[in-house]
2 protein chains.
Amino acid sequence: MSEPSPSGSEKIAHEEETPCRSCKVGRLGFCRFFKDVLPDAPAPFYMGRQSFLRRRTLYTQSSSIKHIHVVREGWAFRYMLSQDGRRQILSYQLPGEIISPSFLFSSQPQFAGQSLTKLETCVFDVELIRRECQQDPSFLDHVIATCLSEKEDYEMRLFELGRCRAEERLARLILYLESKQESMDLKANDRIQFPLTQQDIADTLGLTQVHVSRVLREFRERELILSRQGFLEIKDANALRELATGSL
Amino acid sequence: MSEPSPSGSEKIAHEEETPCRSCKVGRLGFCRFFKDVLPDAPAPFYMGRQSFLRRRTLYTQSSSIKHIHVVREGWAFRYMLSQDGRRQILSYQLPGEIISPSFLFSSQPQFAGQSLTKLETCVFDVELIRRECQQDPSFLDHVIATCLSEKEDYEMRLFELGRCRAEERLARLILYLESKQESMDLKANDRIQFPLTQQDIADTLGLTQVHVSRVLREFRERELILSRQGFLEIKDANALRELATGSL
DNA sequence: CGAGTACTTGAGACGCCTCAAAAAGGGTGG
DNA sequence: CCACCCTTTTTGAGGCGTCTCAAGTACTCG
């Protein structure tokens, strides 16, 4: 359970400063904006790279934020933790995504962030990026749009948690993660990455791990999905969409 | 069920153009920023006032947004509606608040908005405000901060819906609406406004109206609260906070 | 006073939870 | 490659919280 210091600059590797325009995740998520707007990106706010093992803390509720991370490889997630240990996962970040875009506007998080899998990030200096926002309106627009799209995700999730059954919640989560990977070009021939444990799913959907196990079994028995070791195959997308219906 | 056209400019009254600095809600919520940043506010983007009866639609998922409303008097709320009629209430707006601040960045809402009580609003032209944002960075900052604070509310609500029992959800909603009114100077001697029906509460907290009725009765019997006709008195704030505990 | 809306109460059902223990998987070192 | 450990998943039995249906009561407002 030992954790690397979240902002220990001695841990940041400076070798290999691939410019965004030739980076393998350069066309994904937020990196795309970097690339489009700033010809020399990631200069000048780039601080190097950092890697994390599985399930390592990137920041906590009490962290003061000086750096932001953009995912290069692997998955990260944000979550809230109550004092008595209940966890609610808020969102997942895939390659190309900023782990917490709102840090660019306010530095006091009310949630924590972890690596879900082995993770590699590009690290940027918050202050320098803020300054860039002030000078470059179209860059600022991208940052705002990123924050707002997270807000829209939250709205869908509120509907899910408040008004959907377990089956529906799970179907929607699977389809959500599929479409996210599809839109980010991370989907390889019908198989999507699915590194969540059942406990992660439970803490995302407001269920218990045991119940998630049962609903997943049902999905498998009905041949809606097929899952093994970190990947998931959607066998019957129409039936899944049927289950997820009621939304808009 | 007849509804006033949400953007019918012929319905907008232009008389009485109180400047924000002498408006009775001028120090509340977003209006405060208007007042501070723009000496001549609400000019030049002010379009007049509009009033709505109880439970009237201000905009729907398919509206294209040209105006934004700021509450002068009464309450409004935003909600999502599924095709089969399930409703999830997302947030409430009190005097001084923009009914949907994110309209200033993207015009296609994925939710709907209604008046909760009789409602009076100031109407502004979205395009003109956007232009102001481009020219006045500190005004833009306020707008962004407003959007982000809604996002933080959502994060708390996700924890509530995903990880709290009915009792805890209700306690948190009551305390939330209390502190909101307190911070907006709308609280009069221990009594807060509480115009929600039990169905509204249910659709906010992911419960049924029947169950809300029972939990409310319990709260009353335990002398935690005392409610009548649109108002609510918090009799035992400590016990309520105890119930809402687990959060952070 | 009547009509509609909101709230209360009861009985029974169901979805999801809790607890518990066993099985399966995955990683590591010998 | 196997033995071991730790994490994750599966399965069962029973209980609780919340839902559904339904009917009756209390508001509120014209």
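Below, chains carry the letters A, B, ... as their sequence lines are ordered, and counting in each starts from 1. None of these values were measured; they are calculated from a predicted model.
The residue B:Arg54 sits close only to the backbone: its heavy atoms come under 4.0 Å of sugar-phosphate atoms, none of a base. Across all strands shown, B:Leu207 has heavy atoms under 4.0 Å from sugar-phosphate atoms exclusively, and none from any base. At the heavy-atom level, B:Gly206 lies under 4.0 Å from the strands shown only through sugar-phosphate atoms. Within 4.0 Å (heavy atoms only), A:Arg220 reaches sugar-phosphate atoms of the nucleic acid but no base atom.
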Self-check item: nucleotides 21-30 of chain D: protein proximity per nucleotide (B base, S sugar-phosphate only, - neither; heavy atom, under 4.0 Å)
Solution: B------S--
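Distance from the side chain of A:His211 is smallest to C:dC16 among C:dT9, C:dC16, D:dT10. Candidate nucleotides C:dC17, C:dC16, D:dT20 were compared by shortest atom distance to the side chain of A:Ala166, and C:dC16 ranks first.
If you take CD of A:Gln198 and C1' of C:dA24, they are 12 Å apart, rounded to a whole angstrom. If you measure from atom CD of A:Glu167 to atom P of C:dC14, you get 15 Å, rounded to the nearest angstrom. The CD atom of B:Gln209 sits 6 Å away from the C1' atom of C:dC7 (whole-angstrom rounding). A straight line from CD of A:Gln199 to P of C:dG25 spans 20 Å, rounded to a whole angstrom. What separates CZ of B:Phe194 from C1' of C:dC7 is a distance of 14 Å, to the nearest Å. Whole-Å rounding puts the B:Glu221 CD to C:dC7 P distance at 17 Å. A:Leu216 places its CG atom 15 Å from the P atom of D:dT8, with the value rounded to the nearest Å. For A:Leu170 and C:dC16, the CG to P distance is 11 Å, given to the nearest whole Å.
Between the side chain of B:Asp200 and the backbone N or O of B:Thr197 there is at least one donor-acceptor pair closer than 3.5 Å. Between the side chain of A:Lys118 and the backbone N or O of A:Trp75 there is no donor-acceptor pair closer than 3.5 Å.
Taking the charged nitrogens against the carboxylate oxygens, B:Arg157 and B:Glu152 have no contact shorter than 4.0 Å, which rules out a salt bridge.
With the nearest nucleotide of DNA chain D identified for both B:Val212 and A:Thr197, A:Thr197 has the one nearer the 5' end.
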Self-check item: salt bridge (charged side-chain N to carboxylate O under 4.0 Å, His left out) between A:Asp190 and A:Lys235, worked out
Solution: CA-CA 8 Å; A:Asp190 271 354; A:Lys235 305 288 283 183; over 6 Å; no
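Taking the six-membered ring for Trp and thresholds of 30 and 60 degrees, A:Phe103 and A:Phe111 have nearly parallel ring planes, at less than 30 degrees apart.
The distance from atom CG of B:Leu173 to atom SG of B:Cys164, rounded to the nearest 0.5 Å, is 12.0 Å.
Side-chain nitrogen and oxygen atoms of A:Ser213 include at least one within less than 4.0 Å of the OP1 or OP2 phosphate oxygen of D:dT10. Using a 4.0 Å cut-off, no side-chain N or O of A:Thr208 falls inside it from OP1 or OP2 of C:dC16.
Here the two rings, on A:Phe52 and A:His69, have centers that are under 6.0 Å apart.
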